[in-house]
Amino acid sequence: QLRLVESGGGLVQPGGSLRLSCVVSGFNTDDYAIGWFRQAPGKEREGVLCISPSGEVTIYADSMKGRFTISRANTEESAYLQMDSLTPEDTGVYYCGITPLVCRDSWTLFHSWGQGTRVTVSS
């Protein structure tokens, strides 16, 4: 019954913005961190941002600092990823997953992944 659904991806020009949504149904995530990860073509999955139940944010790479922002609405069991100043290197499929209590260092520690939403940054 637990399900995560990502949405909000699409085609944007370099320098543009997107806001991705991760909606959780059938589960209470009040004690779970929600993380965003992405997988670019031909690359391994990598962490983007994660937010804990208390609102503490983990940024997995310096390249995302100042450009990406994560937030959550616990009452709605949702998390959002605001992406600004997008570059072609941000292209990939973006996934959200959950993990108990605090953000973890590896995507392998998250579970209940959604199907992903595709982001393409191109002119």
Side-chain angles (χ1 to χ4, degrees):
Q1 189 172 1
L2 169 62
R3 186 179 183 185
L4 277 66
V5 178
E6 302 93 340
S7 63
L11 174 64
V12 298
Q13 297 181 6
S17 298
L18 284 174
R19 186 172 187 261
L20 308 184
S21 297
C22 174
V23 177
V24 182
S25 62
F27 191 77
N28 187 337
T29 60
D30 289 352
D31 295 325
Y32 283 76
I34 304 177
W36 283 98
F37 296 79
R38 69 186 183 187
Q39 189 165 10
K43 296 184 178 180
E44 298 294 326
R45 187 174 300 190
E46 65 175 346
V48 183
L49 274 80
C50 179
I51 185 166
S52 75
S54 66
E56 182 179 0
V57 174
T58 296
I59 303 176
Y60 289 104
D62 290 339
S63 63
M64 301 162 190
K65 293 181 179 179
R67 299 193 302 122
F68 293 2
T69 303
I70 191 171
S71 61
R72 69 186 294 169
N74 288 341
T75 58
E76 300 174 1
E77 308 296 342
S78 302
Y80 306 93
L81 180 66
Q82 178 68 42
M83 304 188 296
D84 300 317
S85 301
L86 287 165
T87 72
E89 288 71 34
D90 296 316
T91 293
V93 179
Y94 285 69
Y95 302 89
C96 62
I98 59 174
T99 191
L101 300 179
V102 297
C103 294
R104 314 290 178 173
D105 294 336
S106 173
W107 68 267
T108 62
L109 301 177
F110 291 73
H111 62 83
S112 301
W113 299 98
Q115 64 181 6
T117 185
R118 185 175 298 275
V119 172
T120 303
V121 185
S122 176
S123 298

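What you see is a predicted model, and the numbers here were worked out from it, not measured in a lab.
We find the OG-CD1 distance between Ser112 and Ile98 to be 4.5 Å, quoted to the nearest 0.5 Å. Distance CG/Asp90 to CG/Leu18: 9.5 Å, rounded to 0.5 Å. With rounding to the nearest 0.5 Å, the separation of NE2 in His111 from CG in Leu2 is 7.5 Å. Summarising the geometry, atom CZ belonging to Phe68 is positioned 11.5 Å from atom CH2 belonging to Trp36; distances are rounded to the nearest 0.5 Å. Remark: Ser71 OG to Ile34 CD1 distance equals 10.0 Å, nearest 0.5 Å. For the atom pair CD1 of Ile51 and SG of Cys96, the computed distance is 13.0 Å after rounding to the nearest 0.5 Å.
At a threshold of 4.5 Å between non-hydrogen side-chain atoms, the residues Cys22 and Arg72 do not count as touching. Ser17 has its side chain out of reach of Val12: every pair of non-hydrogen atoms, C-beta onward, lies at least 4.5 Å apart.
Residues Ala33 and Cys103 come closest through the heavy atom pair CB-N, 3.7 Å.
Judged by distance alone, the side chain of Glu6 and the main-chain N or O of Tyr95 form no donor-acceptor pair under 3.5 Å. Thr58 contributes no side-chain N or O that, together with a main-chain N or O of Cys50, makes up a donor-acceptor pair within less than 3.5 Å. In this structure, Thr91 contributes its side chain and Val121 its backbone to a donor-acceptor pair below 3.5 Å.
Both Ile59 and Ile70 sit in one connected hydrophobic cluster of ILVMFWY residues. Membership requires side-chain heavy atoms under 4.5 Å apart, directly or through other members. Under the 4.5 Å side-chain heavy-atom criterion for Ile, Leu, Val, Met, Phe, Trp and Tyr, Leu20 and Tyr80 are members of distinct hydrophobic clusters. Under the 4.5 Å side-chain heavy-atom criterion for ILVMFWY residues, no single connected hydrophobic cluster contains both Trp107 and Val5. Following chains of ILVMFWY side-chain contacts shorter than 4.5 Å, one can reach Val57 starting from Leu81, so the two form part of one hydrophobic cluster. No chain of hydrophobic side-chain contacts below 4.5 Å, direct or via other Ile, Leu, Val, Met, Phe, Trp or Tyr residues, connects Val93 to Leu86.
Enclosure of atom CD in Glu56 is not indicated, since only 12 or fewer non-hydrogen atoms of other residues, nucleotides or ligands lie within 6.0 angstrom.
Annotation: salt bridge (Lys or Arg N to Asp or Glu O under 4.0 Å) contacts of Lys43 (sequence neighbours excluded): none. Every residue was checked against the salt bridge (Lys or Arg N to Asp or Glu O under 4.0 Å) condition with Arg3, not counting sequence neighbours, and none meets it.
Looking at Ser54 and Ser52, their side chains do bring a donor and an acceptor atom within 3.5 Å of each other.
Using cut-offs of 30° and 60° on the angle between ring planes, the pair Tyr60 and Phe37 is tilted.
Shown are Met64, Met83, Lys65, Gln82; of these, the side chain to side chain contact (heavy atoms under 4.5 Å, CB included) with Leu49 is made only by Met64.
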